[in-house]
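This is a predicted model, so every value here is computed, not measured. When a ligand or atom number is given, it counts from 1 through the structure's own listing order. Numbering starts at 1 and runs along the sequence shown.
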Amino acid sequence: MTIPTSFPEDLFQNLKQHQQTQLLHWWDDLNDQQRAELTGQIQQINFEQIQRLYSTEGSSKAEESPAEKAERATRPATVIRLQDRAASDAESESAIQAGNQLLSEGKVGAILVAGGQGSRLGFSHPKGMYPVGPVKQTSLFQMLVEQLTARANKAGKPISYFIMTSDATHAETVEYFQQHQNFGLAEENLYFFKQGTMPAVDATTGDILLEEKHRIAVSPDGHGGMLAALKNSGMFEVMQKKGIDTLYYHQVDNATSIVCDPEFLGYHVQRNAEVSVKVVSKRSPEEKMGIVCDVDQKTQIIEYSDLPPHIAEQTDADGNLLHWAGSTAIHVFNRTFLEQIADNDDLLPFHQANKKVPFVDSSGTQVSPSEPNAIKFERFIFDVLPVANTVLVYEIDRQREFNPLKNAAGADSPETVHAALCRIYSEWLTDCGVSVPEGADVEISPLYALDETELKTKIASDTQLTFPLYLGE
Ligand code: UTP
């Protein structure tokens with residue numbers, strides 16, 4: 001192929017060197033604006049990296065596979081089980097105090113990752129906008145922001161919220177927050193930062209795919225893209241200036257995660273952890289959850305898709321699952337630890353996933369494949385775990401804290417999330433002595449009560465309530 005008219009020479013040589021000149025196949029058909037868009041996208045791509053990742057000699061394929069590693073997996077060393085906490089009120093109380101102390105000193109920030117495409121849910125907006133509130137259809141974003149605000153009010157210090165978006169979610173998310181006055185969160189405590197993208201390649205040829213004649217098929221670079229995004233957007237400096245050194249990390253799809261949970265924060269500092277992870281007991285060996293385990297004395301997470309069934313099924317002498325600890329993707333990170341990794345780009349590997357990616361074929365036809373045709377490259381934030389000196393693994397009550405929204409129907413769907421929220425709020429009311437009709441819809445804003453203890457200060461057994469019930473500010 002010869003260099004097309006008005007395409008930069010050096011960029012063309014780069015494409016040629018990496019056998020990606022097919023990206024210019026439709027150049028002559030494009031108008032000036034489309035040419036500029038395509039050129040801009042090509043400038044963003046690290047072709048050498050893509051070639052390395054795709055190539056069989058590439059690092060990701062040459063290294064020991066996660067499945068091979070899993071053969072040596074043992075239970076994680078530093079674990080706090082639910083029953084341990086229940087059995088030691090004093091220890092748990094001391095952790096809560098330590099966490100509250102951090103919060104009252106303004107040392108805690110919260111990171112929310114909301115850059116995913118939410119393809120399984122099939123919602124046409126960013127997932128955070130999904131209306132999950134059982135009575136008021138409150139969105140995931142609003143529920144989480146209200147929790148953060150309520151927690152900050154209790155601490156007497158603002159908590160900054162760092163929300164990661166992507167090209168797929170940024171514009172709509174920012175507009176949604178603006179339309180709703182940030183759900184009450186002060187502008188100076190709200191930060192949006194955008195993660196990067198990676199191109200999709202044809203699984204058999206390694207060719208980068210065009211989604212349209214003038215547009216490359218790209219997708220967000222995974223939640224692990226957070227580190228580069230925090231660094232490149234200057235968020236680490238913001239945190240430093242504000243004196244934030246401990247970061248609560250959570251995902252947008254779980255409305256029941258306890259935002260900036262003081263007890264979790266407290267255990268994290270008391271155990272001198274650099275990273276902590278909340279886990280739940282897996283329901284079955286087949287459950288699709290990453291497991292937290294130790295390999296060669298390093299605590300890490302192995303994705304369910306990488307876990308061979310015979311390892312997932314292993315049991316201990318009592319017949320319990322050896323690898324019981326399923327990750328909920330709720331973490332606490334030390335800021336300095338994340339900064340170190342962000343400065344060392346090679347530490348977080350890319351994972352490959354075979355996906356169906358629509359593309360323009362060589363005849364110019366738009367193809368919507370029915371089978372996976374492409375490879376997407378993503379980084380996972382949990383790959384920071386083995387780099388840490390100390391990882392704390394902290395078991396939580398799944399019913400209370402882990403009810404993610406992933407699918408349109410069946411498990412982890414709007415239906416299960418609705419049921420979980422009604423169950424949790426009803427239990428709080430029952431604790432207050434109120435009798436809740438079977439199957440009633442209940443929603444309690446975090447601004448009214450963050451938990452059952454706070455609810456008890458407002459509701460007594462003789463309080464007159466009607467259902468469906470919404471308790472708000
Ligand atoms: P998931 O891996 O469940 O992906 O993300 P998803 O995009 O929500 O849904 P599917 O897989 O397409 O159906 C877990 C969390 O990580 C965030 C998501 O927004 C969600 O909070 N995430 C995921 C990102 O922020 N960026 C990404 O590139 C991927």
Atom indices of ligand 1, in the order listed, that fall short of 4.0 Å to a heavy atom of P220: 28 (O)

Atoms in ligand 1 with a heavy atom of H223 nearer than 4.0 Å: 16 (O), 26 (N), 27 (C), 28 (O), 29 (C)

Ring-face cation contact, W324 with R283, 6.0 Å cut, 45° max: no

Between CG on residue D202 and CZ on residue F359, distance to nearest 0.5 Å: 6.5 Å

Contact atoms of ligand 1, heavy-atom distance to Q251 under 4.0 Å: 14 (C), 15 (C), 16 (O), 21 (O)

Reference residue V332; test side-chain contact (heavy atoms from CB on, under 4.5 Å); the match among F264, Y267, Y394, Y249: F264

Min heavy-atom dist S166 to ligand 1 below 4.0 Å: no

Ligand 1 contacted by G222 (non-hydrogen, < 4.0 Å): yes

D397/R85 salt bridge by N-O under 4.0 Å criterion: no

Taking atom 21 (O) of ligand 1 as the reference point, the nearest protein heavy atom with its distance: V113 O, 2.7 Å

Residue and atom name of the nearest protein heavy atom (relative to atom 25 (O) of ligand 1), distance in Å to one decimal: G115 N, 2.8 Å

Heavy-atom proximity to atom 24 (C) of ligand 1, best of G116, G196, A114: G116

Aromatic ring pairing F141/F177, orientation class (parallel under 30°, perpendicular over 60°, tilted between): perpendicular

Aromatic Y470 / basic K136 pairing, under 6.0 angstrom, 45° off normal: yes

Which residue and heavy atom of the protein sit nearest atom 9 (O) of ligand 1, plus the separation: G118 CA, 3.4 Å

Ion pair K127/D253, N-O distance below 4.0 Å: yes

Heavy-atom proximity to atom 3 (O) of ligand 1, best of R379, K406, K127, K376: K406

Sub-4.0 Å atoms of ligand 1 with respect to non-hydrogen atoms of Q195: 24 (C), 25 (O), 26 (N), 27 (C), 28 (O)

E339 with K231: basic N within carboxylate O range, under 4.0 Å: no

Salt-bridge criterion met for D296 and R72 (N-O under 4.0 Å): yes

Nearest protein heavy atom with distance in Å, relative to atom 2 (O) of ligand 1: R120 NH2, 4.2 Å

H170 and F192 aromatic ring geometry - parallel, tilted or perpendicular at 30°/60° bounds: perpendicular

Close-contact set for ligand 1 against M164 heavy atoms, below 4.0 Å: 25 (O)

Q117 N/O under 3.5 Å from ligand 1 N/O: yes

Nearest neighbour in protein (non-hydrogen) for atom 12 (O) of ligand 1: S119 OG, 2.6 Å

